[in-house]
Amino acid sequence: MIVSTSAVHTQQPIALQPYGLPTYKTSADAIAAYNGDDQIYALYPRKIEAAARLFVSEFPGHVLYAVKSNPHPSLLQILWNEGVSRYDVASMREIDLVRGLLPRAELYLMHPVKSRRTIAHAYTNGVRNMSFDHEDELQKILDCTNQAQDLHLHLRLALPKVSKQLGAVMPLGGKFGAGFDEAVALLKSARPDVQKLGLCFHVGSQCLNIENYNSALTYARTVIDAAGVKIDSIDVGGGFPVSYPDMPIAPMAEYFGAISASVAANGFAELELFGEPGRALCAEGGATLVRVELRKDNDLYLNDGTYGSLFDAGQFSWKFPVRLHRSRPPAPCANTIGFRFFGPTCDSADTMNGPFHLPADTCEGDWIEIQNLGAYGQTLATQFNGFYSHHTVAILED
Ligand SMILES: *Cc1c(COP(=O)(O)O)cnc(C)c1O
């Protein structure tokens, strides 16, 4: 936890370019320049660039950015500038968003259940890669593309369950994916109709156990062997974690190394390999700046919460790194205590247990920077009770 008491503020944004956002040197500067009542969403281009560079240069396959984790146009542009040219989209609006902003991007429609209109719209807009996990969906895709001869379809596998301790912090296996026998049958029935056929899966978001990628790839091998059909690609999905309080992670290089080794060991070295990082590309590159409106004992009432960018902090008691910003004397005291947060809406679900460790004298009017919220933060925010913010800024330094 770092306390910022910087007294000198740049009152004006230093530039609008190249991020299309009011841009400040520090988050303290962005707070000093703001005289509204809403939370401020901050993007840190340098951190996004660093994450993108790591994946583009080190991931042993093609990188698809999972747009749902943060669809902010400035973030998409930064990723594109760093060489991320493929985007995993799920809806018509995500297709239009990325197409409009990055006309040369390659789009992958990796939602296993799509409306007929979405499939047709995607195909018309150049999308050739789609996923499916059911015979009827396969038929829908073939129908809505007029039996196109240039499709690359990815069969989404349901992965065998792993124990809770060994799994991802946020499992994503409950909803999509074909089981073993279905998957074998689907590979056989899809093969004659598609130009390229692949397998995809998702080990769960924030996957702390590297071995899960190997287990999934080894399982994919057994499905392919049972089907006995030619496969063109493997997509290891998302799940690459970032560090949160009490949640240390292994370096990404170890994930990439384990995936490369497993790809080779399972005889997939000749196939096209894809990964779909969401969180790992944008979590560290975003923060929410919130203001304390009232303190009751160790409870802080804030201007953002569970219905805003802090859904995970409420729903899943997720902890985020925090730091205090106070622009007036006295400087915050050195000792810290654990606080609980409440959001601004009238719903008691708007509670975030934390604990979030901040200076013991944190008080009304202080701002708190809640970090690592670039993924699944701003994008989940509702307008419930009239509390929301469209104020996004870029911050050049930490
Ligand atoms: C959400 C999602 C991702 C991104 O997952 P992260 O855990 O954020 O990396 C990738 N692929 C699919 C299909 C998803 O639904």
Side-chain angles (χ1 to χ4, degrees), residues 48 51-52 54-56 58-59 61-72 75-76 79 84 86-91 93-95 98 106-114 118 122 127 129-134 137 152-159 162 167-178 198-210 212-213 216 220 233-244 247 249-250 252 255-256 259 273-286 309 311-312 315-316 318 320 372-380:
I48 300 162
L54 175 67
F55 269 83
V56 168
E58 309 280 335
F59 180 75
H62 299 304
V63 175
L64 278 52
Y65 171 57
V67 172
K68 76 165 188 281
S69 56
N70 187 335
H72 196 287
L75 183 129
L76 294 173
L79 293 177
V84 177
R86 297 173 165 87
Y87 295 79
D88 163 13
V89 291
S91 63
R93 292 192 183 94
E94 285 187 351
I95 292 171
V98 182
E106 193 172 349
L107 305 187
Y108 292 69
L109 183 54
M110 301 306 273
H111 193 310
V113 183
K114 303 160 286 298
T118 301
V127 179
N129 288 264
M130 300 185 197
S131 77
F132 68 107
D133 67 359
H134 192 272
E137 184 76 10
H152 185 168
L153 298 192
H154 306 256
L155 172 65
R156 173 82 170 255
L157 290 178
L159 297 175
V162 290
V169 178
M170 293 219 181
L172 287 178
K175 192 168 170 188
F176 298 128
L199 288 179
C200 63
F201 51 77
H202 200 301
V203 295
S205 199
Q206 186 70 3
C207 178
L208 301 178
N209 186 15
I210 299 179
N212 291 359
Y213 288 93
S233 66
I234 292 282
D235 179 343
V236 299
F240 303 95
V242 305
S243 173
Y244 299 91
M247 234 194 267
I249 59 160
M252 267 319 103
Y255 281 76
F256 299 163
I259 290 170
L273 181 70
F274 299 97
E276 305 173 352
R279 182 188 303 279
L281 284 182
C282 60
E284 292 176 333
S309 62
F311 181 81
D312 288 347
Q315 192 73 8
F316 303 106
W318 204 282
F320 292 90
N372 289 4
L373 254 180
Y376 310 113
Q378 182 173 9
T379 187
L380 296 181

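Counting convention: from 1, in listed order, for ligands and their atoms alike.
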So F274 and H62, would you call those rings parallel, tilted or perpendicular, with 30° and 60° as cut-offs? tilted
Is R156 close to ligand 1, meaning an N/O of one under 3.5 Å from an N/O of the other? no
Hey, does G239 come in under 3.5 Å of ligand 1, counting only N/O atoms on both sides? yes
With a 6.0 Å cut-off on ring centres, are F311 and Y376 close enough? no
What about F55 and F240, are their ring centers closer than 6.0 Å? yes
Determine whether the side chain, the backbone, both or neither of H111 has a heavy atom under 4.0 Å from any heavy atom of ligand 1. neither
When every non-hydrogen atom of Y213 is compared with those of G238, the smallest separation belongs to OH-O, 2.8 Å
D235-H154 side chain donor-acceptor pair, cut-off 3.5 Å: no
Between the side chains of H111 and S131, is a donor N or O closer than 3.5 angstrom to an acceptor N or O? no
Ligand-side contact atoms (ligand 1) for residue partner [X], heavy atom cut-off under 4.0 Å:
{"X": "E276", "result": "3 (C), 4 (C), 9 (O), 10 (C), 11 (N), 12 (C), 13 (C)"}
{"X": "A66", "result": "3 (C), 4 (C), 10 (C)"}
{"X": "D88", "result": "10 (C), 11 (N), 12 (C), 13 (C)"}
{"X": "Y376", "result": "1 (C), 4 (C), 5 (O), 6 (P), 8 (O)"}
{"X": "G278", "result": "4 (C), 6 (P), 8 (O), 9 (O)"}
{"X": "R279", "result": "6 (P), 8 (O), 9 (O)"}

Nearest-option assignment for atom 7 (O) of ligand 1, heavy atoms, candidates S205, P277, C207, G238: S205
Going through the distances and angles, do K114 and E137 end up as a salt bridge (Lys or Arg N to Asp or Glu O under 4.0 Å)? CA-CA 8 Å; K114 303 160 286 298; E137 184 76 10; 3.0 Å; yes
